[in-house]
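Working notes, structure below.
Counting convention: from 1, in listed order, for ligands and their atoms alike. Source: prediction; values computed, not measured. What you see below is based on every heavy atom in this structure, not just the backbone, and it leaves out hydrogens, waters and symmetry mates.
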Amino acid sequence: MLVFVIIISLHFHKFSEAETLKIGAIFDTESLIKERAFYHAIRQIEPINGRKIEGLVQNVPPNDPFEATLAACHLIESGVLAILGPTTHENSHMIQTVCDNKDIPLLDVRFVVQPKNSISFYPSQQILTQIYIDLLEAWNFKNFVILYENDESLIRIAELLKLYDGNGHKMVVRQLDKYQNGDYRPTLKEVWQSEATHFVLDCSTDILEDVLHQAQQVGLVTNKQFYIITNLDFHTLDLTSFQYSETNITGMRFIDPDSDTIRNLGLTLFRNDFTNLESGFIEAWKIKLEMALIIDAVMMFGEALNGLPKNFATPSIDCMSAEAWTYGTTLTNLIKSINYPGYTGLIQFDNFGLRSAFGLEIIELKEGGIIKVGNWNYSDGLNFNRVYSPNPPPLEVGSLINKTFIVITCLTEPYGMRKESEVPLHGNQRYEGFGIDLIAELSKKLGFNYTFIIREDKKNGEYDETTGQWTGMIGDIINGKADLAITDLTITSERESAVDFSTTFMSLGISILYQKPKKALPSFFSFADPFSLTVWKLLAAAFFGASIALFILGRISPSEWQNPYPCVEESEFLVNQLSLRNCFWFMVGSLMQQGSEIAPIAFSTRMVAGTWWFFTLIMVSSYTANLAAFLTTESPDSPFKDVFELVQVAEKKGIKFGAKINGSTEKFFRDSKHIDEYQKIYQYMKNHEDEVMVNDNKDGVYKAEHENYAFFMETTSIEYETQRRCSLSSVGHSLDEKGYGIAMRKNSSYRTALSTAILKLQEEGVLAKLKRKWWEEKRGGGLCPQQDKAAEGTPLNLKNVGGVFCVTIIGTVLSCILVFIEMVLHTFKKSLHVKKPFKVLLMEEIRFYFRTSAMLKPVTSPKPKPPDYGFITS
Ligand code: GLU
């Protein structure tokens with residue numbers, strides 16, 4: 001009603017001009033650059049059916065609805081087809097009412113709380129909130145503070161508040177200007193005192209720079225803080241004073257000042273104000289979203305006019321009358337149905353008339369200024385230019401000089417321990433250990449200072465699914481309580497998702513700490529231990545084989561048949577000493593190294609005998625040597641040899657087992673889903689948690705020493721304990737391979753420098769030296785002699801003595817060939833002598849060997865030579 005009262009009190013002339021199509025704009029009093037954008041866009045529109053586009057501008061003071069209504073009426077009576085209304089909320093409300101009455105489309109380019117009939121070119125707030133949420137997730141904001149300016153910004157972030165509780169986020173909401181005096185420090189100080197590090201900042205461009213300056217003054221712009229800035233003009237500010245602070249500041253923008261189109265636009269809009277016409281670079285960075293939206297809105301208006309009937313009637317309306325423009329609704333619908341590629345990306349309206357299908361760039365403030373790190377679009381959501389979000393440039397080694405890090409550690413031996421001293425110690429002097437020394441070495445290399453703080457409960461850190469928070473030292477890093485964490489902190493994928501780790505400074509695996517095996521009673525047949533059962537079986541086979549071979553060769557070989565009576569020249573028969581019995585006896589005698597009266601005569605039989613002697617020489621020597629090893633070592637009597645045996649025998653033998661609660665060892669068993677035994681172990685540990693799980697490695701070691709308890713522990717720690725507690729030892733091999741690292745906040749810029757320094761310490765042998773110092777030398781190290789596994793006897797198997805068997809077999813085969821040659825030659829000579837055919841004699845010989853086992857052989861002429869007893873008689 002107020003509008004009509006105002007309208008009635010006014011008298012404007014009707015204004016209608018057929019040859020021009022008019023578009024009006026209502027700007028704040030000082031908005032030269034917006035006007036320039038408006039007229040620039042109008043100049044770009046081609047005449048519609050010969051009718052040129054003309055722009056009419058009205059300036060009204062902000063928050064003056066009366067003036068705004070007058071301006072709107074004036075424009076309507078001047079015959080405008082649409083009004084562009086970028087002005088304050090109070091003003092825009094009145095303008096909206098007038099436009100609705102006259103059915104004149106209102107083009108809105110500002111954030112509108114609830115767009116009604118106007119066409120809002122500003123991106124849908126619902127979608128913008130979704131982008132904030134996506135960023136919060138990507139940047140892993142769990143606990144954060146929302147800093148807002150006024151009711152308008154509260155409306156913007158209202159959707160964000162719904163996150164509270166739902167996804168495990170905890171947030172605190174604080175108004176920046178509590179006392180409405182432009183001093184944000186009271187709020188910022190409170191926030192600083194609460195030790196919050198993650199912020200969502202929503203405020204207008206006018207105060208944003210001031211807020212950041214005041215935040216810097218209270219210590220909230222350091223390398224510990226993370227900001228997400230919702231203002232879409234963030235990049236247009238002068239941020240030089242913040243870009244070296246290493247603060248993680250993320251924002252978003254619609255306009256890329258580096259693109260050619262925006263540079264040209266910058267040149268056009270700011271031509272008169274700046275001399276740098278060459279590049280358009282500076283100008284492009286000054287283009288705010290609102291300017292680009294003004295141009296886009298006017299251009300779309302021009303585009304939509306083409307859809308109206310050719311000679312449509314322009315409005316000729318008296319603001320006081322009840323008339324409305326016939327084509328108003330049509331023009332509104334035409335604008336909403338166009339897809340237009342503008343300076344702010346593709347402009348497209350959804351069924352609710354909202355601009356929802358848009359995309360924008362994600363930007364960050366770095367040392368070099370604003371950089372684009374990714375983008376968001378309606379269909380794909382967030383996309384980063386790199387694998388994980390903010391990837392800091394590698395730090396020069398010198399760049400850590402004079403930085404001070406808070407380093408958190410646990411008093412877990414030997415990584416961190418309280419120093420024993422008669423005089424009171426202060427600061428870092430109070431602690432010693434591998435981790436303490438390592439940080440000292442790194443600080444020497446990189447030049448940073450450090451202060452140690454202690455995590456008394458010795459919790460390295462795990463993700464608590466019920467609270468959605470990280471506990472222990474990992475939690476301390478995330479919450480900003482410390483910058484670095486060092487102890488026996490295992491690098492796991494779960495932890496790596498929450499914090500960054502340096503490169504591994506120590507490698508390890510999981511093994512079992514258990515009481516050293518007791519000495520086993522010697523077995524009754526321990527003399528057989530030096531050879532494996534296979535070797536014993538093969539030895540027996542070789543003995544039988546060689547004896548039989550000697551017997552057969554002896555029968556075949558002519559030289560073995562001798563005149564039994566050397567004095568009787570013409571003996572009727574010949575004898576052979578190599579009977580089966582004698583052959584066995586000969587072989588046993590050789591094997592036992594006792595000898596016998598039997599001495600082979602022929603080449604072939606001597607060859608078999610020689611081969612056997614070689615065989616016995618090697619076998620007996622091997623047996624004797626290995627027997628010594630067996631007799632001198634104590635064979636351990638361990639109830640289990642590895643984790644699999646432990647699972648089998650644990651119940652029967654009453655062995656309990658456990659690990660450090662919530663440590664990476666427990667998580668290893670939890671996550672090893674494909675190995676049944678590991679799952680059984682995890683189930684057992686969960687079911688008997690109170691009884692078998694320990695809070696500290698020390699408790700586990702105590703239990704292993706004093707109870708029938710196997711403690712799953714990391715090999716490095718096992719090594720440390722077994723150096724000092726001689727009744728304990730490690731059982732079985734490592735179940736996995738992993739390493740310890742230094743944890744720091746995600747995307748820490750000093751990660752690369754620390755990793756490089758650790759690698760250097762490794763290469764220079766410093767890490768090995770520190771390990772020797774804390775494991776073997778200090779605090780009782782080197783007390784227990786380490787078991788020499790090599791001295792333990794292991795039975796010789798076929799692999800060890802296979803060669804001897806081969807030589808024996810080859811020797812025997814050669815003897816067989818030799819005996820055949822001997823026999824053929826002998827028969828040939830004989831055939832010449834007795835003048836009988838060779839073939840007949842050969843058959844006679846062969847028949848004799850098979851016919852009888854008698855060791856007497858009848859003599860056919862010629863008479864035999866005097867006997868030859870080989871080396872005995874020669
Ligand atoms: N190093 C382990 C961790 O970082 C603690 C010891 C263990 O679980 O065996 O959680």
Pairs of nitrogen or oxygen atoms closer than 3.5 Å, one from Glu666 and one from ligand 1: do any exist? no
Shortest protein heavy-atom distance from atom 6 (C) of ligand 1, along with the residue and atom involved: Glu714 OE1, 3.7 Å
So, 4.0 Å and heavy atoms of Arg495: is ligand 1 close enough to count as a contact? yes
Tell me, which protein residue and heavy-atom name are nearest atom 2 (C) of ligand 1, and how many Å apart are they? Ser664 OG, 3.2 Å
Which residue owns the protein heavy atom closest to atom 3 (C) of ligand 1, what's the atom, and how far is it? Asn460 ND2, 3.1 Å
Basic-acidic side-chain contact under 4.0 Å: Arg670, Glu494: yes
Counting from 1, what ligand 1 atoms have a heavy atom of Gly663 closer than 4.0 Å? 8 (O), 10 (O)
Is a salt bridge present between Glu645 and Lys652, judged by a nitrogen-to-oxygen distance below 4.0 Å? no
Between Phe669 and Tyr678, what is the ring plane arrangement, given parallel below 30°, perpendicular above 60°, and tilted in between? perpendicular
If you measure from the Lys or Arg side-chain nitrogens to the Asp or Glu carboxylate oxygens, is any gap between Lys656 and Glu707 under 4.0 Å? no
Proximal atoms of ligand 1 relative to Leu489 (non-hydrogen, under 4.0 Å): 4 (O)
Validate the cation-pi geometry between Lys189 and Trp192: distance from NZ or CZ to the six-membered ring centre under 6.0 Å, angle to the ring axis within 45°. no
Using a 4.0 Å heavy-atom cut-off, which part of Thr665 comes near ligand 1: side chain, backbone, both, or neither? both
Give the C-alpha distance, both sets of side-chain angles, the deciding distance and a yes or no for side-chain hydrogen bond (donor to acceptor under 3.5 Å, both in side chains) between Tyr740 and Thr716. CA-CA 10 Å; Tyr740 295 146; Thr716 39; 3.2 Å; yes
For Asp488, take its heavy atoms, then give the atoms of ligand 1 lying under 4.0 Å from any of them. 1 (N), 2 (C), 3 (C), 4 (O), 5 (C), 6 (C)
Once rounded to the nearest 0.5 Å, what's the spacing between atom CD of Glu737 and atom OG1 of Thr504? 11.5 Å
